[in-house]
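Values in this document were obtained by computation on a predicted structure and should not be read as measured data. Whatever order the structure lists them in is the order used to number ligands and atoms, beginning at 1.
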Amino acid sequence: MHRKSEKTLVILKPDSIQRGLIGEIISRFERAGLKMIGVKLVVPTAAMAEKHYTTDPEWIMKTGRKSIEAYKKNGKKPPSDNPEEVGKKVLNNLKHYLTCGPVVVMAWRGIHAVGVIRKLVGSTEPLSSDVGTIRGDYTIDSYEIADLDGRAVRNLIHASGTEDEAEKEISLWFKKDEIIKYNLVSERILYDINLDGILE
Ligand code: ATP
Ligand code: MG
């Protein structure tokens, strides 16, 4: 499949909605040239939140390892050296975070959609997300403070990490007919090979 039809799933987490950032975040994706192909406002159930994060069976271990590494990199002692234990705790906290209020779930399509959106979103921990990214510009939180308070890191947004993750997540949140196939006029200048429709 051509990369211009790559799809990705985005969730504006409850803190985005509460902070009035829906429009701001959507406009960053639009101005990069991506196309919204599905959108809904929902209050996720704990079961949906768990399904969402465990569509990747490796997620618990990977998240546990990533969190332990972040502690060590900052010269801090992790709460446990067991990635499964740390990962499960993160999942529990995430369920609480995602179910506390409405979220906006969206599917986006366009060239390198997964990578482009991850780049605009920034890295997981807002304390170290780059300036200019959504997580770096609009919020502040750290693994350390989140763990101290026994909660998930509040980082405004979820974005699929890989094309495979995106496929699974889109089919989890959307029915087939909720994903719309349509053209945007801007796609002519982004993707048209001959560029022969501009001059009169
Ligand atoms: P997302 O999947 O939400 O886009 P991500 O891929 O950058 O974020 P993951 O490692 O998949 O990060 O973690 C999922 C979410 O879990 C993070 O966005 C964050 O809200 C929360 N989280 C991850 N690790 C921790 C941690 N150590 N402590 C608290 N919360 C965490
Ligand atoms: Mg992830």
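Only the backbone of Arg151 comes within contact range of ligand 1, with a heavy atom under 4.0 Å; no side-chain atom does. Under 4.0 Å from ligand 1, not a single heavy atom of Lys62 appears. Residue Ile11 does not touch ligand 1, judged by heavy-atom distances below 4.0 Å. Only the side chain of Arg118 comes within contact range of ligand 1, with a heavy atom under 4.0 Å; no backbone atom does. Under 4.0 angstrom from ligand 1, the non-hydrogen atoms of Val153 come from both its backbone and its side chain. Contacts between Thr124 and ligand 1 below 4.0 angstrom, taking non-hydrogen atoms only, involve backbone and side chain alike.
Heavy-atom proximity to Asn155, at under 4.0 Å, picks out these atoms of ligand 1: 17 (C), 18 (O), 19 (C), 20 (O). Each of the following atoms of ligand 1 lies closer than 4.0 Å to a heavy atom of Ala152: 29 (C), 30 (N). Applying the 4.0 Å criterion to heavy atoms of Ser67 picks out, from ligand 1, the atoms 27 (N). The contact set between ligand 1 and Leu94, taken as ligand atoms under 4.0 Å from a residue heavy atom, comprises 15 (C), 16 (O), 20 (O), 21 (C).
Counting only heavy atoms of the protein, atom 11 (O) of ligand 1 lies nearest to Trp59 NE1, 3.1 Å. Protein heavy atom at the shortest distance from atom 10 (O) of ligand 1 is Lys66 NZ, 3.0 Å. When hydrogens are left out, the protein atom nearest atom 25 (C) of ligand 1 is Tyr143 CE2, 3.5 Å; that is the closest non-hydrogen contact. Of the protein's heavy atoms, Tyr53 CE2, 3.5 Å lies nearest to atom 14 (C) of ligand 1. Of all protein heavy atoms, the one lying nearest to atom 31 (C) of ligand 1 is Val90 CG1, 3.5 Å. The protein non-hydrogen atom at the shortest distance from atom 28 (N) of ligand 1 is Asp147 OD1, 3.3 Å. Scanning the protein heavy atoms around atom 8 (O) of ligand 1, the nearest turns out to be Arg135 NH2, 3.3 Å.
The residues Lys89 and Asp147 are annotated as not salt-bridged, no charged nitrogen and carboxylate oxygen being separated by less than 4.0 angstrom. A salt bridge links Arg151 and Asp141; the closest N-O separation between the charged side-chain nitrogens and carboxylate oxygens is under 4.0 Å. Ion pairing between a basic and an acidic side chain is recognised when a charged N comes within 4.0 Å of a carboxylate O; Glu69 and Arg65 show no such pairing. With respect to Glu187 and Lys35, a salt bridge is recorded, a charged nitrogen being found less than 4.0 Å from a carboxylate O. Using a 4.0 Å cut-off between charged nitrogen and carboxylate oxygen, Asp192 and Arg188 count as a salt-bridge pair.
Side-chain N/O atoms of Ser142 and Glu125 include no donor and acceptor closer than 3.5 Å.
At least one N/O-N/O distance between Ala159 and ligand 1 falls below 3.5 Å. Of the N or O atoms in Ser123, none lie within a sub-3.5 Å distance of an N or O in ligand 1.
Around NZ of Lys119, the count of heavy atoms belonging to other residues, nucleotides or ligands within 6.0 Å does not exceed 12.
Under a 4.0 angstrom heavy-atom cut-off, Arg154 registers as lying outside contact with ligand 1. Residue contacts with ligand 1 leave out Asn93, since none of its heavy atoms falls under 4.0 Å from the ligand.
Side-chain N or O atoms of Glu178 include one that pairs as donor or acceptor with a backbone N or O of Lys175 at under 3.5 Å. Put simply, the side chain of Thr54 gets close to the backbone of Glu50: a donor and an acceptor are under 3.5 Å apart. Judged by distance alone, with hydrogens and angles left aside, the side-chain atoms of Ser160 form no donor-acceptor pair with the main-chain N or O of Thr162 at under 3.5 Å. One N or O on the side chain of Arg118 and one on the backbone of Ala159 form a donor-acceptor pair closer than 3.5 Å.
In this structure, CG on Leu21 lies 11.0 Å from CD1 on Ile26, to the nearest 0.5 angstrom.
At least one cation-pi condition fails for Lys13 and Tyr97: the charged atom is not both under 6.0 angstrom from the six-membered ring centre and inside a 45 degree cone around its axis.
In this structure, of Lys13, His158, Arg65, the residue bringing a heavy atom nearest to atom 1 (P) of ligand 1 is His158.
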